[in-house]
Number of protein chains: 2
Amino acid sequence: MTVENDTATCRNRFVDLRQRADLTEDTRRALSAMAHVRRYHSGQTVLFDGDDSDLVGNVISGVLRMQKTLADGRQHIVGLLVEGDMFGRVFNGALHFSVEAATDAEICAYPRAPFEKLLTRSPDLERVVMLNILNELDRARDWLIILSSQKITTRIAGFLVVMCSQFARVDHLVRNSESGPVVHVPIGRGDLAHLLGTRPESVSRAFHALARDGVIALLKPDLIRILDMEALVAEAGDEDLGGTPNLKETLQLRPPRS
Amino acid sequence: MTVENDTATCRNRFVDLRQRADLTEDTRRALSAMAHVRRYHSGQTVLFDGDDSDLVGNVISGVLRMQKTLADGRQHIVGLLVEGDMFGRVFNGALHFSVEAATDAEICAYPRAPFEKLLTRSPDLERVVMLNILNELDRARDWLIILSSQKITTRIAGFLVVMCSQFARVDHLVRNSESGPVVHVPIGRGDLAHLLGTRPESVSRAFHALARDGVIALLKPDLIRILDMEALVAEAGDEDLGGTPNLKETLQLRPPRS
DNA sequence: GCGGCGCATTGTGCGACGTCAATGCGCGGC
DNA sequence: GCCGCGCATTGACGTCGCACAATGCGCCGC
């Protein structure tokens, strides 16, 4: 059983709401009946800020970014959505941020009204959605910790740790060589700077500072090999690694305890 | 109809889960049957980090702080809980932070298992809980925006704006005089510094810088009058004020459209 | 192959925050 | 009323990140 197979299994289980094993056959059928797949190119907007959107959905492939538009026109990224993540408003009004494709992306969309209706009468779906939102909340709080530091190197290190732990289930963690795991950063320096609340120049400097210290190696601007995970975590402020008690497993790319 | 009466009405509607008008009589009765009120003194721990807690609840009075303990012993506050806020894990495992009383506080606690059971068969409660979590998520994202700036004055300004908008429903917004609203900061400089990811000295400096510019007035360390809301919002980075489209109403302490 | 555009990187000066240390202030105990 | 502790505040100094620019690099269209 290779790493690739595990990853694939993982993806099958989580990526598509309609195929999740923890939903009943009835619920899956009802979801399938109302689902439709949409494709977006990098840069396209999926949902508009303030939009009283009639759409909920989950990401099938690619990366979406959630961003707030400030009054002065600047935009701040408040989170990334990767394969399997849900987005859109359930139950209450307008979005407080817009959702755009950070890469070419595929989503599975559900019209809101029937989705809510199904949600109300399907405890299994309710549970899945609630867990998804709670997970999202945990991720947001992890970001809070990362952003609470104002040393950029710390933020970058925290970002990389989160990429390793949270996104390991999809293929942003490309492969595990003898030198250490290789992380794929799915967004450019500019977006990353927005995400971390800084400037592209500082992001670049922080990456190269970590590289000089032998903590990481920059294979390409968007491909980073982690050489010294321990040092990276220390640089990230010795976080308790929040929602990932099984980080060590993840980093070794062991299959999660099933 | 005075401001105080509106506020009181508001509090009756939201503070206690058992009394919420958007729950059915049956659900309220079931909640009451399993509820028990607990009191905590400032500094006491309500829930421990990593605790596989069997408790969910909501705050009746006072302020709780959610904080992560880092590996090196430092603690970082990831959010505050005020009257009406819910806390605790629904459906899945351990907490990723501890919950402590920031002031003397009263909570209404429910044992987790029966609460979840009730949740599964009560769409009205499900909706209330889900909205609560979504609200929490929005608040976390507002914090993300605030923390994404590393200018401390901006963070402080953002904090004050959030205090005005999000906590206006409880009495942290003390009163509205001719000179402007007065905000009660329910935590000390040290905690505030933890919350904003900085040091008490910098918090102090930022407050006094805003005071020098005539934006706020420091009545007491924990009592702040907003003299120039427009300047404060501008200083906060011209945020779109996230989840508070009715901020202007709130700041004028008008009753919300019912 | 060539040119152009966008993105990443590198260099420099200035301003802001952290650190360390000292002082002021308020409140509760005695 | 007095004392002492904890918290808030203020000051001096070093470091780090931002602003502003310039340069290098890769990719795409022509």
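Proteins come first, then strands; the chains are lettered A, B, ... in the order of their sequence lines, and each starts at number 1. Model, not experiment: these values are computed from the prediction.
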Show me, pair by pair, the donor-acceptor contacts under 3.5 angstrom made by side chains of residues 189-196 of chain A, not counting sequence neighbours?
unit_1, atom_1, unit_2, atom_2, d
A/Arg189, NH1, A/Pro221, O, 2.8
A/Arg189, NH2, A/Pro221, O, 2.9
A/Asp191, OD2, A/Arg65, NH1, 2.7
A/His194, ND1, A/Gln75, O, 2.9

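- Heavy-atom minimum distance, A/Met163 versus A/Pro186: CE-CD, 3.6 Å.
- Between B/Leu218 atom CG and D/dC7 atom P there is a gap of 19 Å when expressed in whole angstrom units.
- One finds the CG atom of A/Asp85 at 11.0 Å from the CD1 atom of A/Ile60 (value rounded to the nearest 0.5 Å).
- If you find the closest nucleotide of DNA chain C to A/Gln150 and to A/Phe207, the one lying nearer the 5' end belongs to A/Phe207.
- The stretch residues 187-199 of chain B touches DNA chain D through B/Gly188, B/Arg189, B/Gly190, each having a heavy atom under 4.0 angstrom from the strand.
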With the criterion being N/O to N/O and under 3.5 Å, what pairs connect the protein with nucleotides 21-23 of chain D, and how long is each?
none

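- A/Leu137 approaches B/Ala140 most closely through the heavy-atom pair CD1-CB, 4.2 Å.
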Which pairs of donor and acceptor atoms, one on a side chain in residues 207-218 of chain A, lie under 3.5 Å apart (sequence neighbours left out)?
none

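- To the nearest 0.5 angstrom, A/Ile156 atom CD1 is 6.5 Å from A/Leu160 atom CG.
- Shown here are the salt bridge (Lys or Arg N to Asp or Glu O under 4.0 Å) partners of B/Arg39, two or more places apart in sequence or in another chain: B/Glu106.
- In terms of heavy atoms, A/Asn58 sits closest to A/Asp16 at OD1-CA, 4.1 Å.
- When each of D/dG17, C/dC17, D/dT10 is scored by its nearest atom to the side-chain atoms of B/Ile152, the top-ranked nucleotide is C/dC17.
- Taking atom CD1 on A/Ile156 and atom P on D/dC16, their separation rounds to 16 Å, with Å as the unit.
- Nearest to the side chain of A/Pro221, among C/dT10, C/dA8, D/dT9, sits C/dA8.
- The backbone N or O of A/Ser149 lies less than 3.5 Å from a partner atom in the side chain of A/Arg155, making a donor-acceptor pair.
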Below 3.5 Å is the cut-off: list the nitrogen or oxygen pairs between protein and nucleotides 24-28 of chain D, distance only.
none

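- To the nearest 0.5 Å, atoms CG (A/Asp104) and CD (A/Gln44) are separated by 8.5 Å.
- From A/Leu55, atom CG reaches atom CZ of A/Phe87 across 5.5 Å, with rounding to the nearest 0.5 Å.
- Nucleotide C/dC17 holds its C1' atom 14 Å from the NZ atom of A/Lys151, rounded to whole Å.
- A straight line from CD1 of B/Ile224 to P of D/dA8 spans 11 Å, rounded to a whole angstrom.
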